[in-house]
Amino acid sequence: MARVAYVNGQYVPYGQAAVHVEDRGFQFADGVYEVIAILNGRLVDAEGHLVRLERSLDELRIRHPMSRAALTVVLNETVRRNRVKQGNIYLQITRGAARREFAFPGDIPPTVVAIARSVDMTKAAANAARGVAAITRPDIRWGRCDIKSVGLLPAALAKQAAKEAGAYEAWLVDRDGYVTEGSSSNAWIVTKDNVLVTRALSTAILGGITRSAMLELARREGLTVENRAFTVAEALAAKEAFVTSTTSYAMPVVSLDGQPIGNGGPGVVASRLRALYEAHAASHGAGDADWEAGFLAP
Ligand code: PLP
């Protein structure tokens, strides 16, 4: 069956799927998005993603295009029509199309696009077994990284730098020398004292859905968790490091800027959390977290 994308109320052949040239997403990055994992043909932690999406829309005063229930139907139907069993769905909502002017246009319909694709997870599994490299880059993003906006140029530049360095991810470092997060992931370390550390929620990072799920799994495992910023030096002295995201689950980071972390291989905590998260994803994340409470920036 040919691939289809959802665009503004219609399922259209992928090759013909298009939005207007004056869409504000295109001209101003005036839009938000979500990426939701699909496992066994079902969405993982859909509720968490939709709660975060609504929060992003509200923070930017973009009208909700439809109810959460209706959006869920659209997402599931896009997955079904593309026969995706394992992969992810990309959902983007922009303020809409209007004659180019910086200030918001009047009451125009938001643009809604959904694209589902299959992903072969064998490469991710091989990466997880070996561990991946990360580099550090200055965090040059804007002041509202808690909003999942489509303004992703700093992240794209950082990811390209990582790619050119043969690394999997770039950890972004703020002006005070603290790691904020990865270019498309949240950053974690395990200290020599076995404390799991990840940066606290604020406007400086995106509240990852995987991060929230992982925190809950870690607590249930009885791990000591600290939500605080850590420096690059602390990461280099750590026992383990890893990143979390919808597409990476928990991915062990075994070197930073070419220097090994811990024993230079995937750590036991990261590997254990990855296994727990795989089980969580297989259950589609049902009923694990209070998503409504989880993403408010202080
Ligand atoms: N931080 C940033 C900047 C991201 O772009 C992402 C995901 O794309 C994440 C964190 C991880 O978020 P999630 O776990 O919801 O995929």
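One is the number of the first residue; the rest follow in order along the sequence.
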Closest non-hydrogen atom pair between Val4 and Thr78, with its separation: O-CG2, 4.4 Å
Whether Thr198 side chain and Ala187 backbone form a donor-acceptor pair below 3.5 Å: yes
Any side-chain heavy-atom pair of Arg68 and Val51 under 4.5 Å: yes
Any donor-acceptor pair under 3.5 Å from Asn40 side chain to Arg42 backbone: no
Single-linkage hydrophobic cluster Leu256~Val197, side-chain heavy atoms < 4.5 angstrom: yes
Short N-O contact, Glu181 and Arg199, less than 4.0 angstrom: no
Salt bridge flag under 4.0 Å for residues Glu240 and Arg272: no
Between CG on residue Asn82 and OH on residue Tyr6, distance to nearest 0.5 Å: 14.0 Å
Phe104, CZ atom: more than 12 neighbouring heavy atoms under 6.0 Å: yes
Atom of Tyr11, atom of Val73 and distance for their closest heavy-atom approach: OH-O, 4.5 Å
Main-chain N/O of Ser184 paired to Glu169 side chain as donor or acceptor, under 3.5 Å: yes
Smallest separation among heavy atoms of Pro252 and Phe242, with atom names: CA-CB, 3.8 Å
Arg137/Asp139 under salt bridge (Lys or Arg N to Asp or Glu O under 4.0 Å): CA gap, chis, key distance, verdict: CA-CA 6 Å; Arg137 303 296 294 168; Asp139 192 343; over 6 Å; no
Donor on one side chain, acceptor on other, Thr244 and Tyr277, under 3.5 Å: no
Closest heavy-atom pair and its distance - Ala200, Asn227: CB-O, 3.6 Å
Flag side-chain contact, heavy atom, 4.5 Å: Ile38 against Leu43: yes
Pairwise salt bridge (charged side-chain N to carboxylate O under 4.0 Å, His left out) hits with a residue in residues 118-136, at least two apart: none
Intermediate values then yes/no, salt bridge (Lys or Arg N to Asp or Glu O under 4.0 Å), Glu34 and Arg52: CA-CA 8 Å; Glu34 284 293 332; Arg52 183 173 66 185; 2.7 Å; yes
Flag side-chain contact, heavy atom, 4.5 Å: Phe26 against Thr94: no
Shortest non-hydrogen contact from Ser183 toward Leu172: CA-CD1, 4.1 Å
Expected output: side-chain Arg95 to main-chain Leu60 donor-acceptor under 3.5 Å: yes
Sidechain-backbone polar pair: Arg141 side chain, Leu152 backbone, donor-acceptor under 3.5 Å: no
Within residues 275-284 or reaching into it, pairs that qualify as salt bridge (charged side-chain N to carboxylate O under 4.0 Å, His left out) - sequence neighbours excluded: Arg274-Glu278
Stepwise side-chain contact (heavy atoms from CB on, under 4.5 Å) test for Ile147 and Ser56: CA-CA 5 Å; Ile147 299 171; Ser56 294; 4.0 Å; yes
Euclidean distance, Ile135 CD1 relative to Glu164 CD, rounded to 0.5 Å: 9.0 Å
Nearest atoms (heavy-atom pairs only) where Leu57 meets Pro65: CD1-CD, 4.2 Å
Separation of Ile108 CD1 from Asp23 CG (nearest 0.5 Å): 8.0 Å
Qualifying residue, where the test is salt bridge (Lys or Arg N to Asp or Glu O under 4.0 Å) with Asp30 and the options are Arg24, Arg61, Arg100: Arg24
Counterpart residues, side chain to side chain donor-acceptor pair (under 3.5 Å), relative to Thr136 (two or more places apart): Asp257
